[in-house]
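Have a look at the structure below before the remarks.
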Amino acid sequence: MPDNLTKVKILTAFEGVPDSRTLTCYEAGGGYQALRKALALPPSEITAIVKASGLRGRGGAGFPTGLKWSFVPQDSDMPKYLVCNNDEGEPGTFKDRYICELSPHMLVEGMAISARAFGANKGYIYTRYEFFEEIAWLRTAIDEAYAAGYLGKNILASGFDFDLDHYEGAGAYICGEETGLLSSLEGKKGQPKLKPPFPAVSGYLGCPTIVNNTETLAAVPWIITHGAEAYRKIGTEKSAGTKLFCISGHVQKPGVYELPLGYPFMKFFAEEAGGMAAGRELKGCIPGGASAPILTPAELQDATLDYEDLAAKGSMLGSGAVIIVDAEQPMVELLKVVVDFFHHESCGQCTPCREGTGWLANIMHAYVKGEGKESDLPLMHNISQQMMGRTICALSDAAAMPTQAIVQKYQDELKNYLQAKAG
Amino acid sequence: MASSSTFDVALQAKIKHHLERFETRRSAILPILNDIHQQYGFVSPAQVQALEDEFDLPRLQVQEVISFYSRYRQQQPSRYHVQFCDNIVCRMFASQQLIAKLKAKAAGCAAGTLSVEPVPCLGVCDGAPAMLVNDERHLRVTCDNLDGIIDDYLQRASDA
Amino acid sequence: MSIAITINEEEFTAEQGQTVMELAQQHDIYIPHFCWHPGLSIAGVCRFCMVEVEGRPKLEIACNLPVTAGMQVRTDSEPVQEAHKWALEFHLINHPLDCPICDQAGECGLQDYYMQVGKYQAQMTQAKVLKPKKLDVGVDLVLDTERCILCSRCVRFEDEVTKSGGLGIFDRGDRAIIGTYQNKRIEHNYTTNLVDICPVGAFTSKDFRFKKRVWFTQEAQTVCPGCATGCAIDLAFNADLKRYYRIKPRFSEVNAHWMCNFGRGMYMHLNVEQRLLSAYSAAEDAHKPMLKTDTAHIVQALAEQLQQAQQVALLVTPQYTVEDYRALLAFFVGKLGIRNVHQWRSRQEDTEKFDGVLWRGDQNPNSRGLLEVLAEFGIDKQQGNEFDTLAAGNYDLVIALAPQVLATFADIETDLQKLQELPWVSLWASAKQVLDYRYQQVLALTCFAEQRGTYRNYAGVERQLHAATSPVSAEIMSITALVEKLAACCKAQEDEHGSS
Amino acid sequence: MAVVRVKRPPADRNIFFQVAGYVAEIGKGMRLTMGIFLRQLFKREASNTLEWPEQPADYGERFKGKHFLTLRDDGEIRCTACFLCATACPADCIHIEAAEHPDGSIEKYPSRFEIDILRCVFCGMCEEACPVDAIRLGPEYTMAGAAGEKWVYTKDYLSQRSVLEGGVTSVKDENTKHPDLDREDAAQTSHLKHGVH
């Protein structure tokens with residue numbers, strides 16, 4: 001393996017360490033040193049380091065993090081907010097949960113540093129309610145950090161104030177979208193807000209707000225400690241650093257793995273995850289959570305796990321949720337689950353998504369029962385086409401892209417299903 | 001307010017705490033509803049009305065939130081409410097059969113003891129198929145161990 | 001600062017901060033839209049107003065697209081048309097298409113746009129989502145959640161204009177539904193605006209529902225006579241039947257896009273069954289009902305009484321036009337030198353009252369106009385009710401201009417009662433109720449919908465009236481015409497006297 | 001007044017030839033008439049003449065005669081009072097008054113539906129315009145009557161007159177009752193969330 005693809009433990013540094021969630025353990029492992037270092041730097045320097053590190057949003061979109069922070073207007077008198085998106089609703093994704101399980105303090109530290117960078121004095125961690133244990137761990141970590149003076153007024157005598165609170169969701173996928181999350185945080189329905197203005201200018205309660213994924217924020221302390229260059233060296237030129245990959249489905253060892261970006265997919269699949277479970281055969285792989293278009297085994301052979309290569313193959317890295325689909329899984333059912341999911345989760349604001357997801361679900365329900373027509377497939381393709389890029393947020397695209405991919409790549413299987421039902 | 005409140009003293013204190021916790025009172029709606037849910041398992045229309053009357057939270061806003069988020073219920077759930085993940089990965093691990101089995105089991109129990117709800121994704125796909133029984137998470141549920149898990153709960157119910 | 005942009009290759013100058021939608025509206029370039037409304041905030045949810053912008057990969061919504069220098073916008077390219085067609089398809093898949101029953105038919109955004117772009121067969125073959133219909137959710141409101149396209153205009157109106165927050169959207173996805181909390185009723189004075197802004201038939205007006213298909217009505221652009229605000233209105237009527245059906249607000253600086261429910265009732269007194277259709281005079285036996293009499297005859301009698309009377313007074317309500325007052329005063333004050341002109345106003349009014357939106361406690365459309373015309377004739381007055389002053393005065397002829405809208409005078413019965421106790425009264429009125437009383441004579445006047453003219457609102461702004469129909473009866477005439485007739489009669493009498 | 005002078009042909013002096021021509025033609029006509037008369041008298045051929053009104057005449061199915069209003073399967077009138085027939089009517093002979101139906105699950109119905117048959121031109125546009133198959137032009141063609149007869153057909157007459165034998169039910173699928181809406185129930189629970197989706 002070339003240097004840049006050598007495995008480094010950044011986010012999973014505390015893997016296998018007993019009591020890794022406690023403050024003492026985190027501090028013993030060098031925790032909160034990055035915060036001390038950052039507080040000594042001018043805030044703009046922190047942003048510059050993160051920008052130089054090439055860190056990109058790990059929630060799915062892959063937007064450069066430092067650049068996002070620099071959009072916050074510095075001359076504004078309004079309070080600024082930092083919100084951690086720990087909603088993790090994308091089916092197949094469970095990486096943020098792993099961070100909460102291993103080292104919630106890493107997230108707290110990352111948030112304090114990031115808040116310092118663009119001058120936020122208040123932060124929220126927004127977690128989905130189903131993570132009952134994880135929420136308790138996060139709360140404990142916040143309390144410990146307050147007690148140790150890493151949060152609150154005048155942190156480590158630097159004059160910087162940062163309050164961190166925790167907010168629980170209530171079951172809505174759309175709250176994983178940054179503006180949907182902000183609406184939810186405002187006590188409203190989790191409906192995404194119209195852009196422009198972007199949240200960096202007008203977000204939570206109309207104030208400048210940065211929403212970052214848990215994994216993104218948790219990577220910040222390491223970058224501050226080791227410098228931008230060190231981070232940049234890992235991964236590929238455009239996709240720097242490591243990423244957590246969650247592999248699930250019928251594989252030998254499902255779970256979370258930290259790998260440098262650009263890591264070859266087949267190597268990850270065969271070596272880390274141990275390949276297919278006994279007696280199973282690879283049929284396809286959804287590389288970035290339910291909203292990512294599926295890739296066929298042929299496409300997977302030379303795929304590498306980074307933003308660019310997967311985009312070039314017509315799919316996306318997304319949240320790094322690698323779902324392995326085995327040969328026993330009928331694609332009709334998979335497609336139905338996907339469209340049902342998005343139908344259930346569409347917030348109902350924008351017409352193409354509200355009506356389109358319902359329409360797709362309707363078609364698939366009939367199709368599964370054998371009441372479909374072959375013309376349903378091109379129709380689904382057309383509907384998906386018209387749902388893409390037509391709405392406020394990306395949920396519509398998220399429903400359309402996997403639908404199009406499955407309809408196109410597994411067309412024969414879908415047609416055969418219909419014939420078998422008829423016959 | 002205290003004597004005639006719909007909520008007990010501890011819950012009232014929590015609600016008041018939430019109302020002061022955020023920049024706007026409205027932000028407190030979700031945390032308050034989550035706490036009510038934690039305690040009762042559902043939010044009744046009377047409680048929604050009480051939030052308006054006692055704490056000045058517009059019932060329309062509260063109801064909008066309740067209707068939007070899938071966590072909130074407005075009717076008393078069963079004593080053991082199973083949320084069974086039915087998304088892509090769990091579906092590959094036969095969640096449908098398990099849900100069917102649970103439903104059959106629920107039908108055999110006394111009314112109000114056990115209920116099943118397929119939910120989209122619990123965020124633990126590595127442990128598929130997964131379910132939540134009330135607040136407790138169970139991973140790698142199989143046809144073989146499902147009965148045992150549920151019977152434990154039912155046993156607890158009959159002991160209590 | 002102005003910015004040059006092109007729309008469909010035509011150059012326009014826009015203001016900084018303007019959106020493409022606003023600019024297009026200003027220049028009558030049609031971009032289909034449902035959720036956008038000029039009087040409300042931008043929701044951007046119907047996704048109908050897609051336009052193509054040169055150099056941008058995706059289509060953009062015009063309603064939330066600020067103009068930038070050199071922007072090249074297309075509203076008619078093929079991708080845009082395709083997007084519009086699909087937007088319509090998405091809107092229609094769960095729409096019940098019950099146009100035959102729906103009262104919005106004929107003025108429905110969906111219907112119009114469907115006729116414009118498509119008339120194609122729907123592609124969805126599955127069953128539609130069913131939702132509650134025909135809910136009574138407030139004053140003058142019937143809600144059909146199935147027809148609703150969730151544009152959220154009504155929700156924004158409740159939040160932004162009346163700030164009453166009575167409506168919300170419940171649930172999510174295609175199950176989303178507009179409503180009030182547990183179907184509680186919305187009770188305020190602006191509910192019918194929800195019917196106006198609803199681009200489909202989700203909200204219909206109880207008052208107008210099923211009365212008349214809109215394509216059988218015409219609209220006159222005139223002004224609401226309900227209060228001193230003077231909202232610009234479209235008065236719907238049928239010219240053949242001479243019937244009035246409803247009032248809707250029309251945009252003007254004064255009222256923006258809205259008007260109150262009270263003002264919407266201002267068509268009811270116009271219809272023939274409410275109207276005084278001809279002149280009347282007292283029967284021989286003063287206790288018997290008045291008798292229908294020829295107008296010319298009555299004017300003649302009035303002219304004679306004017307000759308004989310020593311003390312003549314005018315009692316004027318501020319509900320007529322500036323032009324009518326001028327004609328009236330030019331004759332009585334200017335020519336005859338009568339200076340006893342009294343204002344007749346409601347006994348229970350609170351002219352300072354204002355509900356914060358449009359409605360005012362001064363429920364006369366022309367209080368300022370009356371005072372200004374009086375001043376023109378050298379009679380300076382403060383606004384106030386002078387009915388009792390008049391009643392106490394020893395007049396042997398009183399010419400009283402009754403209120404057009406009796407509903408705005410709280411104690412009108414008392415006043416009409418007191419008036420008939422005076423020695424000699426010529427009452428000029430338009431409402432039929434005056435026939436319940438006994439006066440020496442009653443003359444039938446036109447209503448605001450049958451004449452042109454000017455009101456001056458509370459701020460002194462001129463509000464122009466336009467006639468919708470000719471008077472409902474040939475015996476009815478305006479104050480100006482009556483005064484002319486009277487003046488001619490008086491002149492004839494003088495001539496007679498002169499010659500004899 | 002202008003006078004037009006017409007040139008007349010000179011009178012034929014041979015009157016015999018003139019008259020003979022007429023008589024021959026009359027003879028031909030009589031032969032045809034008597035031939036048919038005799039053939040039909042002795043039942044050699046079916047007669048086209050009807051003993052109307054004792055014997056009814058059958059018109060084709062597409063004949064556009066007296067209007068009738070169809071019913072739904074529950075016996076209610078199908079018409080939704082959409083006014084499309086009245087709009088389409090070139091003779092302006094249809095008068096409708098719409099109202100809320102007392103039954104909550106039907107939204108709108110015609111409280112009055114009248115056709116002024118003296119104005120009607122039997123063009124059938126009303127039938128064409130109707131979106132719910134509520135009005136049809138039937139086979140009845142006798143609309144004559146003495147003075148004082150009702151020339152304005154009322155809703156009851158249009159839907160329930162004796163010839164219709166209890167009314168004609170249309171099975172077209174539009175305009176059925178809304179299946180989901182028991183009114184009171186809808187009002188109480190439409191915004192109440194249920195536990196299980």
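Residue numbers begin at 1 in each chain, while the letters A, B, ... track the order of the sequences. Any value given below was found using the heavy atoms of this structure, including those in side chains, with hydrogens, waters and symmetry copies removed.
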- Checking ring-ring contact (aromatic ring centres under 6.0 Å, His included) for the pair C:Trp258/C:His37: CA distance, chi angles, key distance, verdict? CA-CA 12 Å; C:Trp258 325 117; C:His37 188 282; 5.3 Å; yes
- Task: For each of C:Lys58, C:Met124, C:Gln123, C:Glu82, tally heavy-atom pairs with chain A at distances under 4.5 Å, and name the one with the top tally.
- Result: C:Met124
- Item | C:Ile42, part contacting chain A, at a heavy-atom distance under 4.5 Å | both
- Item | chain C contact via A:Ile174 - which portion, at a heavy-atom distance below 4.5 Å | neither
- Proximal component of A:Ala172, with respect to chain C [non-hydrogen, under 4.5 Å]: both
- Only one of C:His95, C:Lys131, C:Lys133, C:Lys134 clears side chain to side chain donor-acceptor pair (under 3.5 Å) with C:Glu146; which? C:Lys133
- Item | Atom NZ of A:Lys238 with >12 non-hydrogen neighbours under 6.0 angstrom | no
- Item | Per-residue contact mode, A:Glu371 against chain C (heavy atom under 4.5 angstrom) | neither
- Task: Counting only heavy atoms closer than 4.5 Å, note whether C:Thr125 contacts chain A via side chain, backbone, both or neither.
- Result: side chain
- Task: Write down the atom of A:Met316, the atom of A:Pro293, and the distance for their closest heavy-atom approach.
- Result: N-CD, 4.4 Å
- Task: Would you mind checking if C:Glu60 and C:Arg56 are paired as a salt bridge, meaning a charged N to carboxylate O distance below 4.0 Å?
- Result: yes
- Message: Just so I understand: if I count every heavy-atom pair under 4.5 Å between each of C:Ala87, C:Cys35, C:Ala43 and chain A, which residue has the most?
- Response: C:Ala43
- Message: Counting heavy-atom pairs under 4.5 Å with chain C, which one of A:Arg390, A:Gln349, A:Met388 comes out on top?
- Response: A:Arg390
- Rounded to the nearest 0.5 Å, what's the gap from OG on A:Ser384 to CD1 on A:Ile406? Could you check? 10.0 Å
- Query: Can you tell if the side chain of A:Tyr367 reaches within under 4.5 Å of the side chain of A:Met380, non-hydrogen atoms only?
  - Reply: no
- Query: Can you pull out the residues in residues 192-206 of chain A with any heavy atom less than 4.5 Å from chain C?
  - Reply: A:Leu194, A:Lys195, A:Pro196
- Centre of C:Phe90's six-membered ring, under 6.0 Å away, within 45 degrees of the axis: is that where NZ or CZ of A:Arg354 sits? no
- C:Val129, C:Ile149, C:Leu59, C:Ile93: which one forms the most heavy-atom pairs within less than 4.5 Å of chain A? C:Ile93
- Query: Would you call A:Lys68 and A:Glu178 a salt bridge, taking side-chain N to carboxylate O under 4.0 Å as the test?
  - Reply: yes
- Task: Taking only Lys NZ, Arg NE, NH1 and NH2, and the carboxylate oxygens of Asp or Glu, determine whether C:Arg147 and C:Asp144 approach each other closer than 4.0 Å.
- Result: yes
- Partner chain C: residue of A:Gly389, A:Pro352, A:Gly358 with the largest heavy-atom pair count (under 4.5 Å): A:Pro352
- Side chains of C:Gln104 and C:Gln111: donor-acceptor distance under 3.5 Å anywhere? no
